[in-house]
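The structure appears right after this line, and notes come after that.
Every number for a ligand or one of its atoms is a count from 1 in the order of the listing.
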Amino acid sequence: MRIAITVGAAALLVAAAASQTGAKPKPAARLLSAEQVVAARQAGMGLSAGVLGSYKGAVDAGGEVKPFAFSSRQLVKWANAIPSLFPAGTALPGSEAKPSIWANRADFDAKAAAFAAAATRLNDAAKAGDKEAFAAAFRDAGGACKGCHDLYRAEPAH
Ligand code: HEC
């Protein structure tokens with residue numbers, strides 16, 4: 001739900017900018033400033049951490065996973081959106097994105113795809129109510145976060 005709101009807000013920005021100029025909407029990265037792109041991806045990353053964290057109790061306790069069908073579907077959408085939120089020129093002060101992202105673009109995108117694959121398995125398992133498959137996909141998704149961060153995210157300053 002919260003991730004859907006983030007994506008919806010970006011769409012509104014695009015629509016608002018288009019109505020001001022009378023021009024057709026362009027890709028968001030062209031309309032948003034580099035600072036706005038960084039803010040959007042940091043928000044999405046933080047929300048994805050909240051979503052994944054919300055599964056831990058049920059995974060540890062062997063609880064129901066069907067209630068996670070909606071939020072895990074949003075994780076898939078978020079994972080698919082990650083590459084477009086890292087356009088060149090957005091390694092700003094205040095961003096933890098390492099410049100190596102743009103020197104290894106294909107690998108960075110592959111890391112996002114690995115996360116999308118794990119999120120898809122989470123969503124499939126949630127819809128099926130398959131606790132074991134959900135737990136396995138939960139571990140894979142956590143590994144996919146770490147697999148990207150280890151290479152492409154600088155240590156948080158805080
Ligand atoms: C494909 C690479 C990639 C994947 C996959 C990925 N991240 Fe990130 N993440 C990044 C990068 C790069 C940053 C730094 C972004 C910035 O500061 O501009 C980041 C930043 C963050 C932040 C800090 C946000 C903030 O407020 O500054 C959190 C929290 C986070 N990620 C959590 C996650 C979680 C949880 C997952 C998995 C569910 C995940 N990330 C998957 C690359 C990734």
Side-chain angles (χ1 to χ4, degrees), residues 1-10 13-14 27-61 63 65-127 130-158:
M1 191 65 169
R2 283 174 289 176
I3 288 178
I5 289 167
T6 304
V7 173
L13 279 174
V14 173
R30 287 176 175 270
L31 288 166
L32 301 178
S33 68
E35 287 79 8
Q36 287 169 323
V37 170
V38 170
R41 73 192 181 205
Q42 288 182 339
M45 287 286 171
L47 289 167
S48 74
V51 168
L52 210 66
S54 75
Y55 302 157
K56 192 176 184 318
V59 167
D60 289 348
V65 298
K66 275 199 173 175
F68 305 137
F70 177 81
S71 61
S72 57
R73 173 79 191 113
Q74 311 314 310
L75 278 185
V76 176
K77 293 187 207 172
W78 164 243
N80 286 331
I82 289 176
S84 66
L85 286 168
F86 286 87
T90 58
L92 306 179
S95 167
E96 294 164 0
K98 286 188 181 172
S100 58
I101 291 170
W102 296 282
N104 302 279
R105 187 72 227 202
D107 184 60
F108 180 81
D109 290 353
K111 298 276 188 283
F115 170 39
T120 299
R121 288 202 302 280
L122 265 176
N123 185 238
D124 289 344
K127 285 189 290 190
D130 185 337
K131 296 175 188 176
E132 281 185 15
F134 190 88
F138 175 77
R139 285 188 290 274
D140 288 350
C145 313
K146 188 175 180 325
C148 188
H149 288 176
D150 283 352
L151 286 173
Y152 299 118
R153 181 186 172 194
E155 286 295 315
H158 42 84

Heavy atoms only: give me the nearest [X]-[Y] pair and the separation to one decimal.
X      : Y      : answer
Phe68  : Ala58  : CE1-CB, 3.6 Å
Ser100 : Leu151 : OG-O, 3.6 Å
Ala137 : Leu122 : CB-N, 3.6 Å

request  = Please find out if less than 6.0 Å separates the ring center of Phe86 from that of Tyr152.
outcome  = no

query = Hey, looking at atom 28 (C) of ligand 1, which of Arg41, Lys146, Glu96, Arg153 has the closest heavy atom?
reply = Arg153

note = Heavy-atom proximity to atom 4 (C) of ligand 1, picking from Gly44, Ala97, Cys148, points to Cys148

Could you tell me, atom by atom, which parts of ligand 1 come under 4.0 Å of a heavy atom of [X]?
X      : result
Ala112 : 1 (C)
Ala49  : 35 (C)
Phe108 : 1 (C), 2 (C)
Cys145 : 34 (C), 35 (C), 36 (C), 37 (C), 38 (C), 39 (C), 41 (C)

inquiry  = Within this structure, what is the SG-CZ distance for the pair Cys148 and Phe108, rounded to the nearest 0.5 Å?
reply    =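 The SG atom of Cys148 sits 4.5 Å away from the CZ atom of Phe108.
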
query = If you round to the nearest 0.5 Å, how far is OG of Ser48 from CD1 of Ile82?
reply = 6.5 Å

query = Quick check: does any side chain N or O of Tyr55 sit under 3.5 Å from a backbone N or O of Phe134, one acting as donor and the other as acceptor?
reply = no

request  = Check whether any N or O atom of Gln42, backbone or side chain, sits under 3.5 Å from an N or O atom of ligand 1, and answer yes or no.
outcome  =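 Yes; at least one N/O pair falls below 3.5 Å.
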
query = So what does the Met45 SD - atom 8 (Fe) of ligand 1 - His149 NE2 angle come to, to 10°?
reply =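 So the angle at the metal works out to 170°.
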
request  = Could you tell me whether Tyr152 approaches ligand 1 through its side chain, its backbone, both or neither, with non-hydrogen atoms closer than 4.0 Å?
outcome  = backbone

query = Looking only at heavy atoms, is any part of Phe86 under 4.0 Å from ligand 1, and if so is it the side chain, the backbone, or both, or is it neither?
reply =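 Looking at Phe86 and ligand 1, just side chain atoms fall under 4.0 Å.
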
